[in-house]
Amino acid sequence: MTAQSFQPLKIFNTLTRKKDVFVPIAPPYVGMYVCGPTVYNNVHLGNIRTFLSFDILYRYLTHIGYKVRYVRNITDVGHLVGDGEEGEDKIGKMAKLQKLEPMEIVQRYTNDFHDVSAIFNLLPPSIEPTATGHLIEQIEAVKSLIKKGAAYESNGSVYFDINKYQAGGNEYGKLSGRVIEDLLNETRELDGQAEKRNPLDFALWKKASPEHIMQWDSPWSMGFPGWHLECTCMSAKYLGKQFDIHGGGMDLKFPHHECEIAQGKSLTNEEPVRYWMHTNMLTVNGQKMSKSLNNSFLPAELFSGNHALLDQAYSPMTVRFFMLQSQYRSTLDFSNEALKAAHKGYKKLANGLRIAKLLAYVQEDDVAEDKAKIADIEKAIEGFYAAMNDDLNTAVAFANLFNLLKYINMIHMGQLKTAALGEETVKKLKDNFIIFFEDVLGLKEELSEGYAILDGMLKLYSEYKLSRNYEKVDEIRSYFKNQGLVIRDTKVRIDWAYEE
């Protein structure tokens, strides 16, 4: 079963400001580029939300049959403090503070990013290029833009010419909705504009000051590439001059993505991207997450609970589940109440996953077919796909997943016979629940012990209970509790489950 069975996939396209039917340039192939981290510090939760959103898109596109080339870059040069064009490079500044080589900083925080991504069960991209690994492509792109008259050299730096771009019938600001006149008013008072013909012109190559650590030779000066240039060059190299999807956080719409469009179109005379996607921000108890407000926390602090704003520790899959309960374009508000509710919801689904994997059809000739329940299961499966096809509405997709869970639990508790559903429906119920949970939503079980060990302990529990060795019974109950599990001792069976 695929999503195409019900309705086409629609994606909210920032460029058109509406949900557009997704039609790739060369189906079944899809090219997707996502702006990766600037590796000068530990990855933060805002980053994770963005990368999780595109992890879901990557998984879902693959699930419905597309062959996806997912490119996500590592920015290891050119991103200046304050996201502007003056001042220190973020990586160079951290290198000075920690008295390390810049590439030591890059390696340290790239490793951290990969480690945290794995903890959150994010699939690695197909290609993960770095800015410093593509300096030749960036210098060649600058040469080409100068030759086309789209850029100019000034005192060893090279700037993109916004006036020339506009004169060519292009609209700078169309992605973000920014108006040129307003932008000009915002930039007139800023420093560092003397080299530019227009205050809005942005750097393609910057001449480095003597104290600037990260610099390379070029036809114009010893310097470094502008932050925006790397994504244009790397996306074109690995996905072509026009590709399907470009994603990132909403804070990148301007100026980063706006500049990418201008550079790309000037180089190829084509719109570089068909669908632009942007994730929304994180808040904490209704306030914007910010270091200055002392309300931001790192993933490691969430997992340990070691933060003044946290009541307890939260597992990686609890946080993943929590983030997916909100559609990626919605603001996501962190609170202990919401995280605790997510913990319970995730554990219910994880219990359902284990039960689903053990689910087996049992034929009973004297059991009547329950058409209403069969239809409801079909409706939940279709509802999951419909939600995902509606701009990846994971919040509604989860509601349908919980509806499937209801029937899995009914079978497990002996309240519903598999024969009443039929072999085909039982298989659909089982297979779709497992696939939706693991493959599409990317959730997984969090067990410190394997099934075999736990089942063995449960067997001992039954034996000790039968022999009335209650001291050992209590020991085994404590053992399970320490694993975040609970023993369910009912008239139907003795079993273990995740503690909700």
Assess the side chains of [X] and [Y]: does a donor N or O sit below 3.5 Å from an acceptor N or O?
{"X": "Asn389", "Y": "Tyr60", "answer": "yes"}
{"X": "Ser335", "Y": "Asn285", "answer": "no"}
{"X": "Lys348", "Y": "Asn351", "answer": "no"}
{"X": "Ser53", "Y": "Thr50", "answer": "no"}
{"X": "Glu445", "Y": "Tyr498", "answer": "yes"}
{"X": "Thr75", "Y": "Glu230", "answer": "yes"}
{"X": "Asn73", "Y": "Glu128", "answer": "no"}
{"X": "Asp76", "Y": "Thr132", "answer": "yes"}

Exercise. Mind telling me whether Tyr346 and Phe321 have parallel, tilted or perpendicular rings, with 30° and 60° as the class edges?
Key: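 Ring orientation of Phe321 relative to Tyr346: tilted.
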Carboxylate-amine/guanidinium contact [X] [Y], below 4.0 Å:
{"X": "Asp439", "Y": "Arg59", "answer": "no"}
{"X": "Glu438", "Y": "Lys357", "answer": "yes"}
{"X": "Lys465", "Y": "Asp489", "answer": "yes"}
{"X": "Arg354", "Y": "Asp495", "answer": "yes"}
{"X": "Asp20", "Y": "Lys18", "answer": "yes"}
{"X": "Glu499", "Y": "Lys347", "answer": "no"}
{"X": "Lys430", "Y": "Glu423", "answer": "no"}
{"X": "Glu270", "Y": "Lys241", "answer": "yes"}
{"X": "Asp83", "Y": "Lys90", "answer": "yes"}
{"X": "Lys417", "Y": "Asp370", "answer": "no"}
{"X": "Lys174", "Y": "Glu258", "answer": "no"}
{"X": "Lys340", "Y": "Glu337", "answer": "no"}
{"X": "Asp376", "Y": "Lys371", "answer": "no"}
{"X": "Arg108", "Y": "Asp112", "answer": "no"}

Self-check item: Taking every non-hydrogen atom, the tightest pair across Leu349 and Phe437
Solution: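 Result for this residue pair: CB-CE1, 3.6 Å.
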Quiz item: Which pair of non-hydrogen atoms, one from Ile411 and one from Leu359, has the smallest distance, and what is that distance?
Solution: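 Smallest heavy-atom distance, with atoms named: CG2-CD1, 3.4 Å.
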Exercise. Would you sort out whether Lys472 and Glu475 count as a salt bridge (charged side-chain N to carboxylate O under 4.0 Å, His left out), showing the intermediate values?
Key: CA-CA 5 Å; Lys472 290 293 185 182; Glu475 281 183 19; 3.7 Å; yes
When rounded to the nearest 0.5 angstrom, what is the spacing between [atom1] in [X] and [atom2] in [Y]?
{"X": "Leu175", "Y": "Leu15", "atom1": "CG", "atom2": "CG", "result": "6.0 Å"}
{"X": "Asn42", "Y": "Leu298", "atom1": "CG", "atom2": "CG", "result": "5.5 Å"}
{"X": "Ile476", "Y": "Leu460", "atom1": "CD1", "atom2": "CG", "result": "5.0 Å"}
{"X": "Leu302", "Y": "Phe322", "atom1": "CG", "atom2": "CZ", "result": "9.5 Å"}
{"X": "Asn432", "Y": "Thr425", "atom1": "CG", "atom2": "OG1", "result": "11.0 Å"}

Could you check whether atom [atom1] of [X] has more than 12 heavy atoms from other residues, nucleotides or ligands sitting under 6.0 Å from it?
{"X": "Lys373", "atom1": "NZ", "result": "no"}
{"X": "Lys288", "atom1": "NZ", "result": "no"}
{"X": "Tyr29", "atom1": "OH", "result": "no"}
{"X": "Arg468", "atom1": "CZ", "result": "no"}

Does the gap between the ring centers of [X] and [Y] come in under 6.0 Å?
{"X": "Phe480", "Y": "Tyr461", "answer": "no"}
{"X": "Phe51", "Y": "Phe113", "answer": "yes"}
{"X": "His412", "Y": "Tyr407", "answer": "no"}
{"X": "Phe120", "Y": "Phe303", "answer": "yes"}
{"X": "His257", "Y": "His278", "answer": "yes"}
{"X": "Phe22", "Y": "Tyr66", "answer": "yes"}

Within a strict 4.5 Å, meaning less than it, do heavy atoms of the [X] and [Y] side chains meet?
{"X": "Val273", "Y": "Ile261", "answer": "no"}
{"X": "Met323", "Y": "Leu45", "answer": "yes"}
{"X": "Trp276", "Y": "Thr16", "answer": "no"}
{"X": "Cys35", "Y": "His256", "answer": "yes"}
{"X": "Ile11", "Y": "Lys19", "answer": "no"}
{"X": "Leu401", "Y": "Leu441", "answer": "yes"}
{"X": "Phe433", "Y": "Leu405", "answer": "yes"}
{"X": "Leu454", "Y": "Tyr479", "answer": "yes"}

Return yes if some donor-acceptor pair links the side-chain N/O of [X] with the main-chain N/O of [Y] below 3.5 Å, else return no.
{"X": "Gln263", "Y": "His228", "result": "yes"}
{"X": "Arg72", "Y": "Gly36", "result": "no"}
{"X": "Gln363", "Y": "Ala419", "result": "no"}
{"X": "Tyr275", "Y": "Val23", "result": "yes"}

Self-check item: Residues Gln312, His343; criterion side chain to side chain donor-acceptor pair (under 3.5 Å); working and verdict
Solution: CA-CA 11 Å; Gln312 64 181 63; His343 170 81; 5.2 Å; no
Quiz item: Considering the options Val71, Leu239, Leu57, which one meets the side-chain contact (heavy atoms from CB on, under 4.5 Å) requirement together with Met32?
Solution: Leu57
Practice problem: Could you walk me through whether Asn336 and Tyr314 pass the side chain to side chain donor-acceptor pair (under 3.5 Å) test, one step at a time? | Solution: CA-CA 10 Å; Asn336 281 287; Tyr314 300 98; 2.9 Å; yes
Quiz item: Between Tyr109 and His114, does a side chain to side chain donor-acceptor pair (under 3.5 Å) hold up when you go through it step by step?
Solution: CA-CA 9 Å; Tyr109 294 115; His114 289 157; over 6 Å; no
Exercise. Check the pair Tyr385, Asn400 against side chain to side chain donor-acceptor pair (under 3.5 Å), reporting the backbone distance first and the verdict last.
Key: CA-CA 9 Å; Tyr385 280 112; Asn400 287 281; over 6 Å; no
Quiz item: Is Arg329 close enough and on-axis enough to Phe12, meaning under 6.0 Å and within 45°, for cation-pi?
Solution: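 Pair Arg329/Phe12 counts as cation-pi.
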